[in-house]
Amino acid sequence: MDTSAESIMDQFAVHAFAKNRAEELGFDLTDLFVVPLFFDKLALHEVRKPLLIEGGRGCGKTTLLRYLSHQTQLSPKRLITQDNLPKEIGLYLRADTQYLRAFAGEVLNDKDWQRAFEHSLCLSILGELLGSLALLSEGPQRKAAFAEIEALDLGIMRDFDEAAPTTLSALQAYVSRQKNRLATWLNNPDDEARPRLLPLKQVLLAAIGAMRQQLPFLAAHVFFVFIDEYENLLPYQMQVINTLLKHSEPPLIFHVATKRNGMATRATLGTEQLQEPADYRKFDVEEHLAKDFELFAAELFCFRMGQRGTGGRGEQFPVSAEVLMDPKKIGLRRDDADYRRRVRAVVDRVLPGMSTDELARFILKDAPLRGRLVKIIAEGLANQRSTLTPEVLLRERVATASICCGALLHQGKKVDVLLEELDKQERGEKSSFAGDGGWIHHYLAGCILHLYLPLQRPCLLYAGFDAFLKLSRGNVRHFLELCHLSMVELDHDPKPDESVPLEKQASAARTASALFVKESQGSGDEGNRLFLVVNTLGQIFRFSQNRPSQSEAERTHFSIDSALPSDADAILQECVKWSILFVAPETKVKDERFEGEEYILNPIYAPYFGISYNKGRKLELTTQAAIELLTGTRDNLDRLLKNYKSKWSVTDDQLPLI
């Protein structure tokens with residue numbers, strides 16, 4: 001088998017967009033990481049305070065932490081000398097749910113489980129610490145540049161275990177054996193052969209102290225411990241980590257990454273609680289990513305396409321991979337308007353979209369879609385006992401206005417008024433379609449979705465780079481999956497100036513959406529319930545979308561009229577944690593009800609349900625309806641769906657669960 005670098009690169013090129021999870025990229029991201037445009041805002045070189053890195057699934061937290069860790073920082077692919085050695089060396093740990101839950105049970109008391117967990121954490125961090133030094137001594141160049149490592153004496157470890165070796169390589173093997181002993185004991189915790197439990201902070205500070213004393217090039221360096229997926233920790237384990245956060249200071253500083261609502265407790269092992277900003281500062285990855293997601297997504301697209309080899313190893317792209325991977329070049333990327341335009345143009349060429357004007361004219365020319373529109377308009381005219389034919393309202397010169405006429409008739413707008421406003425619109429005069437009435441603005445997207453809904457064909461509203469941005473809503477993984485499936489639909493690497501047809505993009509969006517709906521079932525301990533919430537809520541919005549009047553167009557979010565009981569609220573918070581829902585302050589509150597929060601269904605689910613990816617009209621749920629949605633049985637959910645289907649006089653069948 002050919003395992004040369006070029007062969008590996010070619011293998012990667014074939015699946016450039018397929019790898020959309022950090023775990024698929026490995027730990028060394030040296031030539032795979034596009035530096036996000038918010039990177040300088042982390043200020044890791046200036047601030048010596050723990051970070052709580054927060055964000056939803058797929059926003060890039062894990063990729064960021066692995067980039068900041070020693071496997072990438074000290075990669076063999078980099079030329080590292082004592083002069084350019086990073087001032088902060090990252091040590092990455094991932095909180096594994098299954099393993100962490102082994103540190104609980106009736107065999108030991110709470111205090112002993114805490115000591116066992118700290119011992120495990122100590123071994124993992126110590127292993128990473130030793131691994132970073134081992135990387136610095138790999139290969140002839142590094143052995144010469146960091147010759148002192150070979151003579152490093154780690155005899156300090158014998159203060160904690162007389163059997164501990166004193167050399168780097170031997171101590172690495174010792175740590176590995178101790179991990180194995182611990183794992184064996186966890187499977188047999190009532191066994192009398194309990195391993196010696198190391199005191200975490202004392203061991204790590206002693207080891208770092210010995211390194212800094214004997215290795216002058218580390219004398220002023222700081223070690224960052226990045227604990228990923230903090231939300232997987234048990235409550236007492238969170239208290240241990242919180243204590244480490246609270247008392248972090250050079251040379252050992254702890255940082256954590258978590259999903260929203262992931263910090264279930266701020267308690268420490270003492271009497272104090274973690275406080276922001278005194279003890280840590282929060283960094284919301286999604287919030288910072290959203291500010292420039294259009295540019296970042298376009299750059300990431302170009303980067304991946306360049307790796308595919310399209311156009312000759314990136315020749316057609318307006319930026320080099322070296323610039324995208326250089327933290328010092330962020331300003332050049334972020335502040336150059338012409339650069340933004342050129343990068344955007346590349347993506348628009350490969351993933352073109354269709355303007356609403358173009359799509360409206362397409363609908364008027366497409367026989368099935370036009371036929372459905374004619375039927376809707378005919379029903380509206382019949383309701384008014386009008387003898388006019390639908391064709392008088394279908395005008396290609398004002399196609400967007402014509403598309404809205406069916407809904408307006410079903411809302412009760414008089415046909416004479418519509419004809420008058422259409423005439424104004426056609427003459428270029430101020431009209432209710434585009435003027436103060438804003439009929440096109442309010443109803444066009446909803447009307448287009450309504451036309452497509454029963455036809456079982458990809459809706460072209462979901463095609464194009466702009467649509468992909470809205471569907472992914474700042475989620476890197478979702479964006480990459482949309483791109484990957486578009487290329488799968490194309491079935492070959494695009495040639496220079498070749499575009500992915502809109503129908504194939506829309507089909508890819510529908511496929512990706514169905515995958516992510518199904519994936520919600522794996523969202524933590526409550527995954528099955530979250531899957532039901534997604535399906536039920538999506539179908540309720542689909543029913544609303546399928547109303548001919550479109551009087552509440554593009555319904556994609558909801559509010560609840562009063563506080564929920566604890567069990568229902570817990571599920572709601574899980575929905576937010578796993579990015580099933582996004583939360584925002586409530587707007588447009590009716591009557592005199594107290595303003596609360598509104599919950600927006602993740603737009604990636606929109607193509608599967610045939611609904612809008614925009615934040616349109618709000619559904620106001622009663623507390624009882626919300627309780628049924630969040631905690632009800634399947635019978636409760638079926639009854640909830642039937643109630644909305646009847647209330648809105650929807651006739652089509654609901655989607656099956658996938």
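Count residues from 1 along the sequence.
- Closest heavy-atom contact between Glu118 and Val240: CG-CG1, 3.8 Å.
- Residues Asp112 and Arg194 are paired through a salt bridge, judged by an N-O separation under 4.0 Å between the basic side chain and the carboxylate.
- For Gln213, there are no side chain to side chain contact (heavy atoms under 4.5 Å, CB included) partners, not counting sequence neighbours.
- Applying the ring-ring contact (aromatic ring centres under 6.0 Å, His included) definition to pairs two or more places apart or across chains, those involving residues 557-585 are Phe558-Tyr599.
- Take Arg260 and apply the side-chain hydrogen bond (donor to acceptor under 3.5 Å, both in side chains) test, not counting sequence neighbours, and it matches Asp284, Glu286.
- Considering Gln73, His221, Arg48 as possible partners of Glu88, the one that fulfils the side chain to side chain donor-acceptor pair (under 3.5 Å) test is Arg48.
- Here Asn84 pairs with Thr81 under the side-chain hydrogen bond (donor to acceptor under 3.5 Å, both in side chains) rule; sequence neighbours left out.
- At a threshold of 4.0 Å, the pair Asp31-Lys77 counts as salt-bridged, since one of the basic side-chain nitrogens sits closer than that to a carboxylate oxygen.
- The existence of a salt bridge linking Asp28 and Arg78 is excluded, since no basic side-chain nitrogen approaches an acidic carboxylate oxygen closer than 4.0 Å.
- Residues passing the side chain to side chain contact (heavy atoms under 4.5 Å, CB included) test with Lys179, sequence neighbours excluded: Leu123, Ser124, Val175.
- Lys143 has no carboxylate O lying under 4.0 Å from a charged side-chain N of Glu138, or vice versa, which leaves the two without a salt bridge.
- Among residue pairs with one or both ends in residues 98-108, those qualifying as salt bridge (Lys or Arg N to Asp or Glu O under 4.0 Å) are Arg101-Asp525; sequence neighbours excluded.
- For the pair Lys259 and Glu54, the salt-bridge criterion is not met [side-chain N within less than 4.0 Å of a carboxylate O].
- A salt bridge links Glu598 with Lys618: the distance from a Lys NZ or Arg NE/NH1/NH2 to an Asp or Glu carboxylate oxygen falls below 4.0 Å.
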